[in-house]
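Only this structure's heavy atoms are used, side chains among them; waters, hydrogens and symmetry mates stay out. Everything quoted here is computed from the prediction, not taken from an experiment. Quick note: residue numbers are just sequence positions, from 1.
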Amino acid sequence: MIHSHTSRTFVAALLLGLASATTQAADAVAADTATAPVIAEQTAAPAQAAAPAATTALATESVANPYGLDALWKGGDIVAKATLAILLVMSVGSWYVLFTKLWEQTRLNRQGRRATETFWSAGAVKEAVETLDQSSAYRFIASAGAEATERHRGLHAHINLHEWTQVSIQRAIDKVQSRLQGGLAFLATVGSTAPFVGLFGTVWGIYHALTAIGIAGQASIDKVAGPVGEALIMTAIGLAVAVPAVLGYNWLVRRNKSALEQVRNFGSELHAVLLGAQATRPVEVPNQRRREQRATAAAA
């Protein structure tokens, strides 16, 4: 009897253990099933967030800059476009003058070296003039001096030969100087006015910014950024045009002084040579020449 009761107790305990194990296994399976969607959602969320970010980045790269020079030209009115056109003309003209004047100065210096090598070694003034190039400024000055000594007659004979020759050479030098300095006034004008032209564009851009704020009724960044950017770009362009013009003007003026100093030295030496050559010519006395003409006429 006791053995039967013990067997029943053992079987009951075994059944209770199996039931408890089955319940725990079912609970674990249910917990895993409930956790799986949460993990899937957590895993999919970064992927879904990364996909829109990549799409936004691609869209940002494909959109053009709404505040660049192209937008400034397309969105600007007639005043803004005219201001940009004026600054462009000033810039192109400044660089053109800068390069042309530099080339002329270089050519004048080369002509001066050639005149030093060949002119003073000639036997006569006319021969010396022929050694120079036709387009040489030094030949122009030498020809003016030589012609002055030949034209020293008539009313010009009442002027002292020294003064007449000096005036003729100085006129030629002044013409060379005037041609060499041509265009420098344009550089000075651009250097002094370009910042103010850019400032005018700045003021006009700020005016548009205030107008956009008034129309929109609120000072949002999208209403102000465009006109203010336009104003800042105008200022930068004005300075970019003015600075090279001022630097180029000062540089060319300094080079002009050096080149013209050589021209003046050549003119001074030429003046002394012409006076010396004129002094060695035989002086013809007018009364003696008249007597010789009368004697010749009487003999005939």
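Put simply, the side chain of Ser258 never gets that close to the backbone of Arg255: no donor and acceptor are under 3.5 Å apart. Distance alone, capped at 3.5 Å, is enough to place a donor-acceptor pair between the Ser268 side chain and the Arg264 backbone.
Between Ala259 and Leu180, the shortest heavy-atom distance links the atoms CB-CD2, 4.3 Å. The shortest non-hydrogen separation linking Ala142 to Leu270 is CA-CD2, 3.4 Å.
Linking ILVMFWY side-chain heavy atoms closer than 4.5 Å, directly or via other members, places Val97 and Trp103 in two distinct hydrophobic clusters. One hydrophobic cluster, built from ILVMFWY side chains closer than 4.5 Å, holds both Val253 and Phe99.
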Show me the donor-acceptor pairs, under 3.5 Å and distance only, between side chains in residues 183-200 and residues at least two apart or in other chains.
{"unit_1": "Thr189", "atom_1": "OG1", "unit_2": "Ala185", "atom_2": "O", "d": "2.8"}
{"unit_1": "Ser192", "atom_1": "OG", "unit_2": "Ala188", "atom_2": "O", "d": "3.0"}
{"unit_1": "Ser192", "atom_1": "OG", "unit_2": "Thr189", "atom_2": "O", "d": "3.1"}
{"unit_1": "Thr193", "atom_1": "OG1", "unit_2": "Thr189", "atom_2": "O", "d": "2.6"}

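For residues 235-270, the set of pairs meeting the ring-ring contact (aromatic ring centres under 6.0 Å, His included) definition, not counting sequence neighbours, comprises Phe119-Phe266, Trp120-Phe266, Tyr138-Phe266. Under the side chain to side chain donor-acceptor pair (under 3.5 Å) criterion, no residue pair touches residues 89-98, with sequence neighbours excluded. Among residue pairs with one or both ends in residues 119-137, those qualifying as salt bridge (Lys or Arg N to Asp or Glu O under 4.0 Å) are Arg114-Asp133, Lys126-Glu150, Glu130-Arg139; sequence neighbours excluded.
Side chains of Gln262 and Thr116 form no contact here, defined as non-hydrogen atoms less than 4.5 Å apart. Counting heavy atoms from C-beta on, the side chains of Gln105 and Leu108 never come closer than 4.5 Å. You'll find the side chain of Leu102 stays beyond 4.5 Å of the side chain of Leu98, heavy atoms only. Using a 4.5 Å heavy-atom cutoff, the side chains of Gln177 and Val263 are not in contact. The side-chain heavy atoms of Phe140 and Lys175, taken from C-beta on, include a pair separated by under 4.5 Å. For the pair Asn250 and Val246, the minimum side-chain heavy-atom distance is below 4.5 Å.
Counting only N and O atoms by type, the side chains of Asn265 and Glu269 include no donor and acceptor under 3.5 Å apart. Counting only N and O atoms by type, the side chains of Asn256 and Gln181 include no donor and acceptor under 3.5 Å apart.
Here the CZ atom belonging to Arg171 is positioned 12.0 Å from the CD1 atom belonging to Ile169, to the nearest 0.5 angstrom. Residue His271 holds its NE2 atom at 5.0 Å from CD of Gln166, rounded to the nearest 0.5 Å. Separating the CD1 atom in Ile141 from the CD atom in Gln170 is a distance of 9.5 Å, to the nearest 0.5 Å. Separating the CG atom in Leu232 from the CD1 atom in Ile206 is a distance of 8.0 Å, to the nearest 0.5 Å. Atom CG in Leu88 sits 8.5 Å away from atom CG in Leu84 (nearest 0.5 Å).
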| request: Take Ile233 and Thr202 through the test side-chain contact (heavy atoms from CB on, under 4.5 Å) and record every step on the way to the result. | output: CA-CA 8 Å; Ile233 291 176; Thr202 299; over 6 Å; no
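Every residue meeting the side chain to side chain contact (heavy atoms under 4.5 Å, CB included) condition with Ser168, not counting sequence neighbours, appears here in chain and number order: Ala148, Trp164. Residues forming a side chain to side chain contact (heavy atoms under 4.5 Å, CB included) with Arg179 (at least two apart in sequence, or on another chain): Arg107.
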